[in-house]
S.K.: 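Submitted below is the structure of interest, expressed as structure tokens.
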Amino acid sequence: MAVATATKPAQGTPDSKHNIEAMRQAFYDRIAKKDMAPLWKVMKSVVTKEPVTRVAPHVWHFDDVKSLVMESGGLITAEEAERRVLILENPAMHGESKATNTLFAGVQMIMPGEVAPAHRHASSAIRFVLDGKGAYTSVDGEKSFMSPGDFVITANWAPHDHGNTSDVPMLWLDVLDFPAVNFYEASFAEHFDAPTQSTTREDGDSLSFYGSGVLPDGSWTKNYTPVINYTYERTRPIVERMLKAGDVDKRHGARVHYANPVTGGPVLPTMGAWLAMFPKGFSGEPYRSTDGTIFVCVEGQGTTTVGDKELHWGPNDVFVVPPWKHYAHKAAEQSVLFSISDRPAQKALGIWREGK
Ligand code: GTQ
């Protein structure tokens with residue numbers, strides 16, 4: 001009888017606990033060999049109660065960025081590099097080419113006389129112009145000359161090349177959704193034989209056709225905006241008028257979103273963008289949402305508090321706010337912030353949330 005009791009201990013004794021743990025572990029080891037695992041061991045970490053993020057709040061100051069990007073101009077040509085870009089790596093995710101978990105950010109430079117050759121890819125790209133004047137990007141048959149504050153769209157699979165016929169280097173922020181595309185393992189890319197595409201439309205055509213309150217007869221049915229370049233010359237006066245009219249959100253300032261003029265929806269299915277002006281002395285209420293956001297200071301100076309971290313920003317600084325972290329903007333001077341996130345993708349999936 002003593003032997004039987006030892007092999008079949010009563011429930012709840014230390015012996016039975018040890019025994020069941022050992023049995024479970026032996027079971028886990030056996031099922032692992034068949035490429036299976038127990039959900040109950042990982043349930044809380046895979047179905048989390050709240051968003052868990054690896055993204056660190058961070059600011060890249062333009063003084064550093066510009067001098068290092070300029071230095072890279074002495075090391076490699078745009079042609080050799082294909083794109084001469086310094087990646088803004090989230091400090092918590094070095095080596096992954098990510099600013100947030102879904103978005104890449106980098107600063108591209110194109111020197112006078114250079115060409116960044118024509119290619120296309122599944123990832124969508126946006127450019128936000130930081131410095132220089134008169135370089136161009138050609139997108140799907142339209143050549144667009146760019147100035148600081150311009151917001152330029154290169155939708156997925158649209159052929160694009162860049163060139164600089166001015167006499168000063170141009171720097172812009174690139175944001176691409178390839179971390180998200182690569183998550184789906186759905187990336188394609190191809191190069192064209194000719195380094196520059198021949199353009200069939202004039203500079204500004206898409207903005208004047210689609211961005212003037214009238215729409216051409218015939219329909220644009222693509223799921224992204226037909227406008228190539230939302231120029232700062234046109235967007236800045238709008239947020240300035242909103243500010244003067246007192247249309248200032250307590251968290252987001254006097255803000256517009258860049259819209260597809262045909263649908264009123266976001267410019268791209270994967271990325272959305274905003275432009276906001278803040279009055280001097282603005283001290284915003286805290287906000288959070290599930291889309292990690294990349295900001296660029298276009299004008300002015302201020303501080304964004306993210307949790308217990310303070311990010312100080314001035315012109316052309318780029319900073320990142322992680323998903324679901326409270327943040328609040330303070331503007332020491334009248335300021336303008338551009339921002340971009342994966343909100344349209346999250347909304348399409350039905351998972352986007354904002355909260356207090
Ligand atoms: O300009 O096409 O920063 O393809 C990364 C990949 C820019 C571009 C980037 C790209 C580009």
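Note that ligands are numbered from 1 as they come in the structure, with each ligand's atoms numbered from 1 the same way.
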S.K.: Would the distance check show the side chain of Asp174 and the main-chain N or O of Arg127 forming a donor-acceptor pair, the cut-off being under 3.5 Å?
M.R.: no
S.K.: To check you understand the geometry: which heavy-atom pair defines the closest contact between Pro179 and Ser97, and what is its length?
M.R.: CG-O, 4.2 Å
S.K.: Any atoms of ligand 1 less than 4.0 Å from a non-hydrogen atom of Val85? List them with their elements.
M.R.: 3 (O)
S.K.: With heavy atoms under 4.0 Å as the rule, classify the contact between Leu176 and ligand 1 as side chain, backbone, both or neither.
M.R.: side chain
S.K.: Name the closest protein heavy atom to atom 8 (C) of ligand 1, giving the residue it belongs to and the distance to 0.1 Å.
M.R.: Arg83 NE, 2.9 Å
S.K.: Donor-acceptor pair, Arg83 side chain versus Pro117 backbone, under 3.5 Å?
M.R.: yes
S.K.: Look at ligand 1 and say whether His119 reaches it with a heavy atom at a distance under 4.0 Å.
M.R.: yes
S.K.: Between Gln108 and ligand 1, which part of the residue brings a heavy atom under 4.0 Å of the ligand: side chain, backbone, both or neither?
M.R.: side chain
S.K.: Salt bridge between Arg84 and Glu79, side-chain N to carboxylate O under 4.0 Å?
M.R.: no
S.K.: List ligand 1 atoms under 4.0 Å from His121, heavy atoms only on the residue side.
M.R.: 2 (O), 4 (O), 10 (C)
S.K.: Quick one: look up the protein heavy atom nearest atom 3 (O) of ligand 1 and list residue, atom name and how far away it is.
M.R.: Asp174 OD2, 2.7 Å
S.K.: Centres of the Phe338 and Phe295 rings: under 6.0 Å?
M.R.: no
S.K.: Could you tell me whether the side chains of His121 and His191 share a donor-acceptor contact shorter than 3.5 Å?
M.R.: no
